[in-house]
Structure formats: structure tokens, C-alpha cells
Amino acid sequence: NRTSIIKLCDDYANCFYKTADTEEKAYKIIIRYIDELIEKSKEEKSYYQHDEEIVQLFLIVAKMAKSSKSWLKEFVENMIVEYCSGTSRRDSVAEEILKAVVKKCPLLFAMELPELACKSAETLWGQRVSRKHFRYDGYDHNNVRAYGLSDNANHFDNNENGVYNNTFFWYVMRCDFVKGLEWAILFVNNAVQTFAENKPDEITNIEIFFPKENKKRVYLGNGWLWMADIMEHNLPVVLTDIVFVIKKTVINSMRNTSESAYIKGLAEYVKNTIYEKANNVLLLSIIEAIGMNYQKEMPGYALELASSMELIYFDIHRSGEFISNPTKELLEKHIMLSMGVPEITRRYEKDEKCACNLQQYFANSYLYGDDGIKNRCHVILDYLYSIYDEKTYSNENLQIQKMDFRDAAVTKIDEKTILLVVSGDTIALMQVVDAYQPYIKKLAKRKAIDKDGNTIEYVDETVKRTLEITLIASVMKFNPYM
């Protein structure tokens, strides 16, 4: 019975302990069935009736990748050639096989053939000329075509598991992190470079200053690239998924060990590799995420990012997305209900440790860091002041002042508390702030709608704090003799 034999081989492929001889016999039986179905499809001149079964049989063989490695390599390489030749889905099962590699990749396949898995993904997501022309072909959802990618790079199941359904990403990172990271950097680099060539007006060059080397590097960027996994549906899903998986893989690996040498070694490797090989800020956001998760353990890890005023502004916007906005949430809920759409789960969960912005991170690094980190902070501040003078760039200069704690005295009270005293008459300074409190609260008032539909007023603490800091900075730089 054919069905029983296939079931038996599949059950054996799922076993943890397998002998090489038996595994070889099992996969060869499945290969024979695959060959029969492919020949049958050619005779019928259609793969539609058999593509699902061929894919299921292929996945059984992929579970036995240790023994079937040479056959898998040849078979998938042939599928890649067929897919790139422009052969339609009617005449080839290539696209379905490549989708299976990417979306249902068995762990053993990723372990034995990581390069082939990456090549399959790159082929599937690369731009392919469609033979069909529809009226809506001109619409480029999430700028997929502008990034030089195909619609397959944007088509993923948006269910409760979201990004966690894409086993290819997770397995490649788990089985060979070094190769996986290098492939991911190259893939994202090529996509962003293509976007820069197709839409040069929508991207800018962002300079990052490296105080240790006393040199600058330039990266391509815009706000959507920097906030990819916070503001969803602005980039091809595959690019955001790649970056999210790298963040989670690295941070989870660091959390699951108590060896400080391993934690710092992995973090430094990722940072140096990305800084040296990346060409865009989408990948730099990985460095920020690691740095913010380990602010006290590794102060100053992502300091260099604060040397770009563009990233500072992007990050103020990004951190603002962590602040609860009752009005916005209620309006979104009403829109969904009016359209008859249930609540949509976010594809990427927010990491609350990344709720602060680069300015706050810079200040924390200065306060918790040693003399070496403080010196790096001084060099970055001097670099920024040299670019943004107070008269010409007053707003940018104010942003720099918010990070400048060189005139502050820091006293550690306990493990969670520090006393920060700014030079000058602190008591008099706070009296000025207190005197302006009624006006500050008035400016910080916002309206919202509560759960009962009533309009309420509340003081936005973030706006209030920003106004207080701005007032303090203005008082400190005030010179009555000028």
C-alpha cells in the first residue's frame, strides 16, 4: 500500500535515533515516488494536481538530510534553475519547493545545507518578471519592487505566530549563526541599495562617527528603516523579519547564559560585523536593541549611534511609539469594528527595554560608565557641537545639550539610585521650574476618550518632562551679560 509505505517512511524520518543504512533506504523509496509524480505531471502538462503531494514527499526527504544530502542539493539546485528560467507554475513545481524550503524548512536541512537554504530564500524573494498583467500591478505594496524583491518577499501568514512561523530564519541562525548573519547582511544590503537607486529622494546618507578610530562611516537610511519592527507595514516583510530574528537570536542567547565573557564576545562580534559590513541603518538597529537590553552590563555599547543627529530624531519618534495613547488606540479599534475586522495582532512584540531613546541611552552610558566610556562620550559631544553651532542649529544644539552631563556630579546611593547634581545653584534652578509648573502643565494637557466614550483631559508626562528639560537647558545657558 503506497500510502502506508509513505506514512512509515515519514514516521521513521521523525525519529530521533536513525541508522544510516535504514535512513538511506527510506529516503530512496520517497525519491522514487517523487520522480514518478514529476514524470506524471510532465505527461499531463500540469503540476497543479500533484504539486502538494510532491512538496510533502520532498519535506520527508529533507528530514533525512544527513543521508540524502547529495540528492537534496542536486534537486533544489535544479528547482532554483527552473524558477529563474521563468517557467510558469503550470510547467514546474519549482516555486512550491522553494516556498517549502523557506516556510517549512526542517531543522536537519538547515543544519546540513545552510548555504542552500539561504540561496533558496534569496532566489524566491528576488524580483521575478510576471507574465500576467493586472490593473493593480502598478501598486507597489510596502515598496517590495522598489527594494528589488518579489511579491513572495511580502507574502507571509499574519496569524498569532507571525514571524515565528518562518522556521528558515530561526534554524539558519541557530545552526550556523556566523554564516546566517553574513548572508542576512548581504541580502539586506542589496535590497536597501536597490531602493536607494530606485528612489533616491526617499533615502539619505547618515554619518556615524567612531571616536576610537576617529573616523566616520556612511549608511543609507530613513525613518522607516530605523523603526522597521515598531512601525509595521512600511517595508517588505522579509527585511523586517530578518532583523527581528537576529535581534531575538542574539539577545536570547545572551540571556540564556551567565558567562560574561560569552555575552560580551557575542555582542562585540555582532556589533563589529554590522558596523563594518552593513550599508544601512536597518541593520544598525540591531546594535541599538542589544545596547538597550544591556545598559548596565555593557554601558556605552551603542554610543556611536548617538553621533548622528538624524538617528537621534528618528529615535525620538521610535521611543514615542512605546507611550500609551488612549485616543489613538480607541480610534484604531473603532476603525476595525466599523470595517468588521477583528483585532489584528502585532507581528513583532515590542521590547520594553528599548523604550528609551538614544539621548537617554547616551546619558545612562555616561552615568554608569567608567572613565573610558566618559571620554568617548566627550569626544562624540565635541564632534556634534563642532557640526551644529548654537546660532545656526539651535534645535540640534539643544538636543546635544540634553546628552551633555560633563558638568554634572554623580553620586551612587544604591544599586538602583544615583544622585545627579548639575553645576550651578540647583535649588534656585528647581524653584524656576516650580514657578513655571502651571504653564508647563497647561501646555502638556491632552484630550482623550475613555472607555465609556467620555472626553477627558490629562497631562502627558512625556511632554511635561520634555518642557521641563528644555526650560532647565535654557536657564543654564542663559548669560545676562550678552
Under-4.0 Å salt bridge between [X] and [Y]:
X: E115; Y: K119; value: no
X: E182; Y: K277; value: yes
X: D351; Y: K353; value: no
X: K445; Y: D460; value: no
X: D229; Y: R318; value: no
X: E304; Y: R376; value: yes
X: K264; Y: E268; value: no

With a 4.5 Å limit on heavy-atom distance, are the side chains of [X] and [Y] in contact?
X: N364; Y: P299; answer: no
X: L283; Y: N189; answer: yes
X: N280; Y: Y219; answer: no
X: K248; Y: E349; answer: yes
X: F187; Y: L149; answer: yes
X: L284; Y: Y275; answer: yes

Does a sphere of radius 6.0 Å around [atom1] in [X] hold more than 12 heavy atoms from other residues, nucleotides or ligands, not counting ones at 6.0 Å or beyond?
X: Y269; atom1: OH; result: yes
X: K104; atom1: NZ; result: no
X: N252; atom1: CG; result: yes
X: R174; atom1: CZ; result: no
X: Y313; atom1: OH; result: yes

Do [X] and [Y] form a cation-pi contact, if we require the NZ or CZ to be under 6.0 Å from the six-membered ring centre and within 45 degrees of the ring's axis?
X: K103; Y: F168; result: no
X: R446; Y: Y458; result: no
X: K215; Y: F210; result: no

Go through the steps to decide whether L337 and I335 satisfy the test side chain to side chain contact (heavy atoms under 4.5 Å, CB included), and finish with yes or no. CA-CA 6 Å; L337 289 173; I335 291 170; over 6 Å; no

Minimum heavy-atom distance A191-L239, with the two atoms named: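 Here A191 and L239 meet closest at CB-CD2, 3.9 Å.
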
Between G221 and I203, which heavy-atom pair has the shortest distance, and what is it?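 That closest heavy-atom pairing would be O-CG1, 3.4 Å.
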
Plane angle bin for Y393 and Y388 - parallel if under 30°, tilted between 30 and 60°, otherwise perpendicular: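 Answer is perpendicular, since the angle exceeds 60°.
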
Side-chain donor/acceptor of [X] to backbone N/O of [Y], under 3.5 Å:
X: D315; Y: L311; answer: no
X: N293; Y: A289; answer: yes
X: Y147; Y: T194; answer: no
X: Q359; Y: Q399; answer: yes
X: S285; Y: L282; answer: yes
X: S394; Y: K391; answer: no
X: K350; Y: E321; answer: yes
X: K464; Y: V459; answer: no

State, without any angle test, whether [X] and [Y] hold a side-chain donor-acceptor pair at a distance under 3.5 Å.
X: W224; Y: E202; result: no
X: T257; Y: E259; result: no
X: H378; Y: Y366; result: yes
X: E276; Y: N272; result: no

Take W183 and F177, measure what ring-ring contact (aromatic ring centres under 6.0 Å, His included) needs, and give me the verdict at the end. CA-CA 10 Å; W183 172 82; F177 178 76; over 10 Å; no

Take M227 and N234, measure what side chain to side chain contact (heavy atoms under 4.5 Å, CB included) needs, and give me the verdict at the end. CA-CA 9 Å; M227 300 184 292; N234 292 296; over 6 Å; no

For I290 and M254, what are the C-alpha separation, side-chain angles and deciding distance, and is it a side chain to side chain contact (heavy atoms under 4.5 Å, CB included)? CA-CA 9 Å; I290 297 171; M254 293 165 69; 4.1 Å; yes

Walk me through it: do L225 and F314 pass the test side chain to side chain contact (heavy atoms under 4.5 Å, CB included)? CA-CA 10 Å; L225 285 168; F314 292 159; over 6 Å; no

Using the rule given for side chain to side chain donor-acceptor pair (under 3.5 Å), can you reason through D241 versus Y348, listing the C-alpha separation, both sets of side-chain angles and the distance that settles it, and then say yes or no? CA-CA 9 Å; D241 275 9; Y348 315 104; 2.5 Å; yes

